[in-house]
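Below, all heavy atoms of this structure are taken into account, side chains as well, without hydrogens, waters or symmetry copies. Numbers restart at 1 for each chain; the letters A, B, ... are given by sequence-line order, proteins then strands. Computed from a prediction, not measured in an experiment: that's the story for all the values here.
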Amino acid sequence: MSSSPSQTDPLSRLREALAEAAAEAVPAGDASPATLEPPGAGGEGDYATNAALVLAKPAGEPPREVAERIAAGLSARLGDELESAQVAGPGFVNLTLSDGWHVAALSEVASAGQGWGAGSADPPLRVNVEFVSANPTGPIHVGGTRNAAYGDSLARLLAFTGNDVHREFYVNDAGSQVVVLGESVKARARGEEPPEGGYQGDYVEALAADIPGAADLPVDEVARAAVALMVAEAERSLARMRIVFDDWFHEHTLHEGEPSAVGRSLAAMGDQDRTFEEDGALWLRTTAFGDDKDRVLMRSSGEHTYFASDIAYHRDKLDRGFDLLIDVWGADHHGYVDRMQAAFEASGGEPGALELVIMQLVHLVEGGERAKMSKRAGEFVTLEDLIDDIGVDAARWFLLARSHETTIELDLALAREQSSENPVYYVQYAHARACSILERAAREGQEAGGKPASLHPSERALVRRLLEFPDEVAEAAARRAPHRIATWALAAAQDFSAFYRDCPVVGAEPDVAAFRLELCAATRDVLARALDLLGVTAPESMERDDQIR
RNA sequence: GCCCCUGUAGCUCAGCUGGAUAGAGCAGCGGCCUUCUAAGCCGCAGGUCCCAGGUUCGAAUCCUGGCGGGGGCACCA
């Protein structure tokens, strides 16, 4: 999928000028791998490019000589926009853009507002993001909460980059675990202990109390009622997390009808000779598609496996017209990735049309001590416990701020802290401050959009930070990495704080004040968008409600 | 045994499809509230980027081999 930012934003135009200057300097070379980025610690200027280093070999010349020509070409193309282009180090070209370029660039960000960084994927894809999909036999716990935050934020990113996104929760309501749930609830309703291997948590007793006549109803009816209650509770909990699913897909529907979806899928794979019988069971030859062993579809007992349902389910998603399926799974399911991919292809899916994202674990810590995950069997920290404790904003931030590929140590003491020590409040505070300045300026009748004679370095740095956002969004979406947005937002909040410190708005000379107001408005909008992509609120004010810190 | 993730500052982590003197938050030390929110700001200190080879003008980043941590390898869901 490509989701390139607008071709006409200031950075894209800079890259275009660079590409032209590079092609002119080394006609035989390909400068497309060259970077244009903020310089590293050793460099000066606003942007640095390694184009000359990339092109030195095809040019057959020392990099610094190539760099000189590129610098000259850029100067010729950019005119007043370019303050200087210096060759440095082994052959970098360091660019310093003029204040005028920054002012013009900001006005583009400001006029895009919250749409800054929005993409138009080409082509737009119909994407099905399936996430959480926790078994309806118990509450959603912390791992599922991370999965929820990630899946939702990924969906937001994919939508913002121009795709048609569908959020889906798969309810495993057809397996033997559901029967066990029914038995456990029924036992509790009769005042008995759940059976061996049954569900032990307090919620089982709550279910028993909420299902009229549970003690005497048939187990399958109790089970059905219990699943319905658990699903409703999951829906409520997820809504508290600001997550709304488009579809709650029930596994049992795959077994309804004649032939059922599962039956049709088995028959189709059979027709293609991709299944075989052995030891009284029906197997899928997943080894033909990269799995390390073949897998059972139908047990010798005649019952299908969950795997058979999964295959039919993914087939169903394709049949509903999605171009791309993304499944977000917990770490404990990574062993199923190869077989699912193999089965997906065996059942006619295009390689690449199914992505399986594995979430690593969450460890809760409390001020350095490993928090107790389970006091006794059946008790664990749930989604509800977590957001009651630290709040939705902090929960989403801390679960999203790190790569899904890494295990999280979530410090509850830090996340609970409503103070400067907590990064999520820091970012929200930057947003609130921007709002506060704008509100005050509006009261005093100041207007945004001036052209000051010169800019402060903090203003320039903040403008460039905002200009990064479209690339950051595209990268985060393409790499399925929402944590990049959190990293960017923190850096942007820091840049805004520097600007706030160095550049008073109210009381500044009119053109200066007008420019700074525009910068505040743009920062407010882009920060709000970044927070929204994470599902974190962007408050307009954060008045302290107590002075004790 | 095989598979996946991971090893970067005291702690938690960014950076990883190669770029210059490796960053942030927290913790530590020292400063800053008659000024648009001190839920803030400034400064200091803090590193064999797990180890060893290799590729490259250039490696935290790529390759190979080790070592450590976590998770997973059902006719369970």
Under 4.0 angstrom between A:Tyr426 side-chain N/O and B:rC41 OP1 or OP2 = yes
Mark yes or no for a side-chain to base donor-acceptor pair under 3.5 Å between A:Tyr336 and B:rA77, with no hydrogen or angle criteria applied.
-> yes
Identify whether any heavy atom of A:Ile408 sits under 4.0 Å from a base atom; if not, whether one sits that close to sugar-phosphate; answer base, sugar-phosphate or nothing.
-> sugar-phosphate
Assert: residue with more 5' nearest nucleotide on RNA chain B, out of A:Thr407 and A:Ser301, is A:Thr407
Would A:Arg433 count as a cation-pi partner of A:Phe496, with NZ or CZ less than 6.0 Å from the six-membered ring centre and within 45° of the ring normal?
-> no
A:Ala331 near the nucleic acid: base, sugar-phosphate alone, or nothing, with a heavy-atom cut-off under 4.0 Å?
-> sugar-phosphate
How far, in whole Å, is B:rU8 from B:rU12 if one measures between their P atoms?
-> 8 Å
Between CH2 of A:Trp397 and OG of A:Ser153, what distance do you get to the nearest 0.5 Å?
-> 10.5 Å
Taking the six-membered ring for Trp, are A:Tyr313 and A:Tyr170 ring centroids under 6.0 Å apart?
-> yes
Indicate whether OP1 or OP2 belonging to B:rC3 is found under 4.0 Å from a side-chain N or O atom of A:Arg339.
-> no
Spacing between A:Leu181 atom CG and B:rA77 atom C1', to the nearest angstrom | 13 Å
Taking atom C1' of B:rA14 as reference, at what distance in whole Å does atom CD of A:Glu468 sit?
-> 14 Å
Rounded to the nearest Å, what distance is computed from the CG atom of residue A:Leu410 to the P atom of nucleotide B:rC13?
-> 10 Å
Mind checking A:Cys503 for me? I need base, sugar-phosphate or nothing, with any heavy atom below 4.0 Å counting as a touch.
-> base
For the pair made of CZ in A:Arg433 and C1' in B:rU35, what is the distance, rounded to whole Å?
-> 12 Å
Got a second to check how far A:Asn147's CG is from A:His141's NE2, nearest 0.5 Å?
-> 9.5 Å
In whole angstrom, give me the gap between the C1' atoms of B:rC50 and B:rA59.
-> 16 Å
A:Ala486 near the nucleic acid: base, sugar-phosphate alone, or nothing, with a heavy-atom cut-off under 4.0 Å?
-> nothing
For B:rG65, what is the paired nucleotide under Watson-Crick or G-U wobble rules, both distances under 3.5 Å?
-> B:rC51
Of the candidate nucleotides B:rG70, B:rC36, B:rA77, which contains the atom at the shortest distance from the side chain of A:Gln360?
-> B:rG70
Between atom CG in A:Asp292 and atom P in B:rC73, what is the gap in whole Å?
-> 12 Å
Side-chain N,O (A:Arg501) to OP1/OP2 (B:rC42) below 4.0 Å | yes
Protein-nucleotide distance (A:Asp332, atom CG; B:rG72, atom C1'), rounded to Å | 9 Å
Touch check for A:Asp310, heavy atoms < 4.0 angstrom, all strands: base, sugar-phosphate only, or nothing?
-> nothing
Could you measure between the two P atoms, the one in B:rA20 and the one in B:rC49, and give it in whole Å?
-> 15 Å
NA contact type, A:Ala498, heavy-atom cut-off 4.0 Å: base, sugar-phosphate, or nothing?
-> nothing
Distance in angstrom units between A:Arg295 CZ and B:rC73 P, rounded | 10 Å
Base, sugar-phosphate, or nothing for A:Leu361, non-hydrogen atoms under 4.0 angstrom?
-> sugar-phosphate
Inter-nucleotide P distance (B:rU48, B:rC41), Å rounded = 29 Å
Where the side chain of A:Arg479 is concerned, which of B:rU17, B:rG70, B:rA77 is the nearest nucleotide?
-> B:rU17
Classified by glycosidic angle (syn within 90° of 0, else anti), B:rC29 comes out anti
Hunt down the Watson-Crick or G-U wobble partner of B:rG28, both distances under 3.5 Å, from any strand shown, or write none.
-> B:rC44
For RNA chain B, whose closest nucleotide is more 5', that of A:Lys57 or that of A:Gly40?
-> A:Gly40
Do A:Leu284 and A:Arg274 touch side chain to side chain, with heavy atoms closer than 4.5 Å?
-> yes
A:Thr523 and A:His431: side-chain donor and acceptor closer than 3.5 Å?
-> no
Who pairs with A:Glu61 by side chain to side chain contact (heavy atoms under 4.5 Å, CB included), at least two apart in sequence or on another chain?
-> A:Ala59, A:Glu65, A:Val66, A:Arg69
Which part of the nucleic acid does A:Thr35 contact within heavy-atom distance under 4.0 Å: base, sugar-phosphate only, or nothing?
-> nothing
Contact under 4.0 Å: A:Tyr313 side-chain N or O vs B:rA77 OP1/OP2 = no
Verify the ring-centre separation between A:Tyr336 and A:Trp329: is it less than 6.0 angstrom?
-> no
For the residue pair A:Asn422 and A:Phe398, establish whether any side-chain heavy-atom pair is separated by less than 4.5 Å.
-> yes
Quick one: CZ on A:Arg465 to OG on A:Ser458, what's the gap to the nearest 0.5 Å?
-> 12.0 Å
For RNA chain B, the residues among residues 489-497 of chain A that have a non-hydrogen atom under 4.0 Å from it | A:Leu490, A:Gln494, A:Ser497
Stacked pair A:Phe92-B:rA20, distance under 5.5 Å, angle under 30° = yes
Could you tell me whether A:Asn50 contacts a base, only the sugar-phosphate backbone, or nothing, with contacts defined as non-hydrogen atoms closer than 4.0 Å?
-> base
Rounded to whole angstrom, note down the C1' distance from B:rG70 over to B:rC62.
-> 25 Å
Looking at the side chain of A:Leu53, which of B:rU12, B:rG19, B:rC75 is the nearest nucleotide?
-> B:rG19
B:rU17 and B:rC63: how far apart are their P atoms, nearest whole angstrom?
-> 10 Å
Spacing of A:Asp411 atom CG relative to B:rC13 atom P, expressed in whole Å | 11 Å
What pairs with A:Ser176 under side chain to side chain donor-acceptor pair (under 3.5 Å), at least two apart in sequence or on another chain?
-> none
Could you give the distance separating B:rU6 and B:rG46 at their C1' atoms, to the nearest angstrom?
-> 24 Å
Give a yes or no on whether a donor-acceptor pair under 3.5 Å exists between the nucleobase atoms of B:rC5, that is its base, and the side chain of A:His334.
-> no
For B:rG15, does either OP1 or OP2 sit under 4.0 Å from a side-chain N or O belonging to A:His483?
-> yes
Should A:Arg484 be listed as having a side-chain N or O under 4.0 Å from OP1 or OP2 of B:rC16?
-> yes
Atom C1', compared across B:rA38 and B:rG47: separation rounded to whole Å = 32 Å
Touch check for A:Ser436, heavy atoms < 4.0 angstrom, all strands: base, sugar-phosphate only, or nothing?
-> base
